[in-house]
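Each remark here refers to the structure printed beneath this line.
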Amino acid sequence: MIARVIVDVPSRQTDRPFDYRVDSDMAGWIEVGSRVAVPFGGRTLQGFVVGFAEEAEVEKGRLKAVAELLDPMPPLLPDLIELARWMSITYVCTWTTALQAMIPAALKGKAERYVYITEDRGEYADSRTADQDGYERGSGQGQLSLGALSLPIELEQFIRQQEPVKLSLLQERYPQWSGLLKSALREGLLTETVSVRNRVAVKKVLTVFPPDDREAAEAAVADMPARAAKQREALAYMLEQEEPVPLQQLLAGAGLSASSVRALADKGLLRIEETQQDRDPYAGRAFVRTEPLPLTELQSAAFGQIAAAVRSEQQGTMLLQGVTGSGKTEVYLQAIEQCIMQGRQAIVLVPEIALTPQMVERFKGRFGDLVAVLHSRLSTGERYDEWRKIREKRVKVAIGARSAIFAPFERIGLIIIDEEHETSYKQEESPKYHARDVAVRRAEQHGAVVVLGSATPSLESYAAAVLAPGSRHSSGGEGVHAAYGGQRPDYSTQAVETGMLQRAVLLPLPERVGGRPMPGVEIVDMRAELQGGNRSMFSRKLHQGLADRLERGEQSVLLLNRRGYSTFVMCRSCGYTAGCPHCEISLTFHQKSRALRCHYCGHTERSPETCPSCGSEHIRFFGTGTQRVEEELAKLFPGIRVIRMDVDTTTEKGSHEKLLSRFGKRQADVLLGTQMVAKGLDFPYVTLVGVIAADTSLHLPDFRAAEKTFQLLTQVAGRAGRHELPGEVIIQTYTPEHYSVLTSQRHDYESFVREELKQRRILSYPPYCRLILVTLSHEQLPQLVSVSEKFAEELRVLAAEAGVLVSLDSREADAMEVLGPVASPIPRLKDRYRFQCMIKYRGAVDAAALVKQAARPHMEGSAAGKVLIGIDVDPQVIL
DNA sequence: AGCACGCCGACT
DNA sequence: GTCGGCGTGCTC
């Protein structure tokens, strides 16, 4: 039996399976998806079995054997192995990088090298002038030696005491002897073994089992001598128990010490065993059981379509477009119930920030113990335990952030992606996947249904539902299509690209449950404020609004998408601005620490009192950050209680929840923060939402800037007036005429999309093409420029050879353009200059493969001095 | 990623 | 005439 193994070395040259012999003792256990330890180029590495080969297919004689099977149950399944392969091609990464993204950190074992002193040194024993046991004891020195080689006595004793001892530990402790250790291993004085250990073992606890022999136990309770009162108490308690009780719980609950319980165990009256235990982060929390709620007509229609699609066991995608408060979650819950009833499992993806206890409660309340929750705030061990519940089929529903898409279920029927437009579904590190793409691909494998839920769908998803060739519109879609006069607009001159997702069914939920109106939104033109003599960051309107809320004891939410105190520091005498020495970006002033900080690389320096360039004292701070708003609020409204929520105040574990819970208990008047205040909050006393500057996200160098602004404004506006008290929203802006501001004021998604699609079409951006952004970086600018140009030229040559280097304006079905190279929006980051090429393409063009091929000559070989190319495949457009 | 093999400078 | 620099190439 021969296993094909992907070894855990993320490099281009090892990105293929290597073949290993499987010895008969493991043969019955090893499967596709098994995690193994294999010898590889002189060391032992972890790897995954991706398949098996026939004897005839491989070069015989040169095969090594699999060293160790690392888990009794394979952590991955064949479909995930295949999915990782697909990811490696789509996102231009190695197979192992994709595989590593799928397993919990607890299983990312590293091979550890252990050494011990060789007992049988065979032939050497004869060739030396040594005593019988193979040791040469020099004049009382007691040195272990072999020929010219000898180990210092201290080292030898240390090894003897601990053996086998980790090589890394020895090297750390005795760095001066690392060369000697190497020689000792080579010469056979020391022997090495390798073993892969998991980062976290299954947690074991001592558990006390109720008496097996009840009669004997009852008799013992009765006969127990008076001085053994504690034992009697413990035994009587255990007689009442049906289930085993953790020892610690028994001791704490009954005020006993372990000795009394041990004594009972010794008498054979109780049984104490080590059992596996899950670290349940929700232990001890009671979840109120909930029943399905009655659905509105629209909810019911959406649910019906989803349920039918799940039943069909055909892959399908649905876009559930519902405004905040329209009851999407109840539709999800009932669809999941349907899915479970068919013996299939469901995955629910939620943005990390929305994965609050309340959110979890809704699912646990409906499905109880059938739910596993995966999120980044869990410890490695907790996460592993939740993951094992899925793998061991103890749960039917997995709810979690991005990476929960890899939940190792065997029969998935439904994948729900809530707030599908959220950018947190895109992973910024390699593998740079988008959970939505991966979901569609997994659904294809399982014949499952993907439900994308959002009040403001991404243009890509919306295009797949409404504009894609062959897309069907659901019956309730009047409101949605009114913008087109009931007709699909004619965009036939340019193909809409929806990539993998050929079409999606649109399920609109345009009404709030209970018919509560959307809050009124007022736009304030800050230019007019300035002309009217108001130089404050608060318009008169917002100032008055805040004052009213304070007076009435209601709460306000303020959004400013910029943390810190001020965005840049400039000398008014000479024009000097403080920039990061490692990045081409201005430094942000932080008031509390009186420091200048780079928000990209974290560089921090003390804020200058005088200009470092000309010595002038006219150093001034410009631009407004959350810290400055906080200060200004305190000045304007003495005694006001403000909670500031941004990256600077939420780094600590659980701080995010803590701040929100304080606000929920009305211990503050204002919640001030960056975009994290816009998501999913629901507080009854919030009646005012203010956006301090809507423009901050509008002028970013990002083709999605308008879309992001619209989504942010719409979302934050939804935070007001969710309960009895009516809400008010005030948006301050310097560009009140911009369509993303105007349409969000009217909660008018369709008009926004229509305008935005026009722009995207003119400029050839998704969904009218697909994009890959390649970023190249190097410490030396001239080298970077030269390699970037070579890369772009090579890519154009390859595209021309493939016959696809055609303008996107053409009517060709397959087209590809290479733009650049140009300097990146952040031209220097962490001491590396950055250039980028944007690749736009459509149709059946395998742009990822061409990029990979063009990049190859610049990525291989030793890294020193070469331009390292970071390849960023922007996948949101692949969908 | 490691680690070995392999050709050119400053040392016993 | 040898130790050692890191450039290229391989790892089942």
Side-chain angles (χ1 to χ4, degrees), chain A residues 1-24 26-27 30-32 34-70 81 84-85 88 92-101 108-115 148-149 166-168 170-172 175 178-188 190 192-196 429-431 778-780 783 787 852 855-871:
Chain A
M1 192 183 192
I2 291 159
R4 321 209 73 193
V5 176
I6 291 292
V7 293
D8 188 17
V9 179
S11 90
R12 189 133 307 199
Q13 294 161 72
T14 49
D15 190 23
R16 62 187 175 86
F18 288 84
D19 297 324
Y20 289 89
R21 229 175 45 237
V22 179
D23 291 334
S24 53
M26 257 179 229
I30 203 160
E31 291 173 47
V32 171
S34 288
R35 195 169 60 113
V36 291
V38 290
F40 189 74
R43 358 173 237 156
T44 300
L45 296 173
Q46 178 180 299
F48 283 97
V49 176
V50 298
F52 295 97
E54 294 302 318
E55 299 276 344
E57 291 174 36
V58 296
E59 293 176 67
K60 285 225 184 109
R62 294 182 53 232
L63 292 190
K64 292 183 183 174
V66 173
E68 202 179 342
L69 182 61
L70 295 172
I81 296 286
R85 178 78 189 125
S88 76
V92 196
C93 67
T94 62
W95 201 344
T96 188
T97 302
L99 288 166
Q100 291 298 324
K108 285 172 194 167
K110 257 191 74 184
E112 286 286 358
R113 299 167 71 181
Y114 292 82
V115 296
L149 193 69
K166 269 187 206 167
L167 183 61
S168 57
L170 286 178
Q171 280 164 341
E172 213 172 279
S178 77
L180 203 58
L181 281 167
K182 242 186 189 165
S183 326
L185 282 165
R186 197 175 48 232
E187 298 297 331
L190 294 176
E192 160 178 27
T193 55
V194 180
S195 163
V196 179
E429 309 84 51
S430 186
H778 194 267
E779 287 174 17
Q780 304 292 323
Q783 294 183 43
V787 173
K852 197 173 171 178
R856 186 169 304 155
H858 308 295
M859 298 185 76
E860 282 177 353
S862 59
K866 287 234 177 183
V867 176
L868 278 182
I869 308 184
I871 300 187

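For clarity, every value in this text was computed on a predicted model and none was experimentally measured. Every chain is numbered from 1 and lettered A, B, ... according to where its sequence line falls, protein lines coming before strand lines.
Atoms CZ (A/F40) and P (C/dG9) sit 17 Å apart, rounded to a whole Å. Atoms CD1 (A/I6) and C1' (C/dC12) sit 12 Å apart, rounded to a whole Å. Following rounding to the nearest Å, A/R12 (CZ) and C/dT11 (C1') show an atom-to-atom distance of 18 Å. When the P atom of C/dT11 is taken as reference, atom CG of A/D19 falls 12 Å away, rounded to whole Å. Across the protein-nucleic acid pair, A/E55 atom CD and C/dC12 atom P stand 17 Å apart, rounded to whole Å. Rounded to whole Å, the distance from CZ on A/R62 to P on C/dC10 is 11 Å.
In this structure, A/R16 does not reach the C/dC12 phosphate: none of its side-chain N or O atoms is under 4.0 Å from OP1 or OP2.
Residues A/S88 and A/T97 are not in side-chain contact: their nearest non-hydrogen atoms beyond the backbone lie 4.5 Å or more apart.
A/P17 comes within 4.0 angstrom of nothing in the nucleic acid, heavy atoms only.
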Polar atom pairs (N or O), protein with nucleotides 2-6 of chain B, under 3.5 Å:
| from | atom 1 | to | atom 2 | distance (Å) |
| --- | --- | --- | --- | --- |
| B/dG2 | OP1 | A/R43 | NH1 | 2.6 |

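Here OG1 of A/T94 is found 9.0 Å from CZ of A/R12. Values are rounded to the nearest 0.5 Å.
Among residues two or more places apart in sequence or in another chain, the ring-ring contact (aromatic ring centres under 6.0 Å, His included) test is passed with A/Y20 by none. When the salt bridge (charged side-chain N to carboxylate O under 4.0 Å, His left out) test is applied to A/D23, the partners found at least two apart in sequence or on another chain are A/R21.
Geometrically, A/R16 does not engage A/W95 in a cation-pi contact defined by less than 6.0 Å to the ring centre and at most 45° from the axis.
The closest donor-acceptor contact from the side chain of A/K108 to the backbone of A/Q100 lies under 3.5 Å.
For A/Y20 and C/dC12, the ring-to-base geometry does not satisfy the stacking test (centroid distance below 5.5 Å, interplanar angle below 30°).
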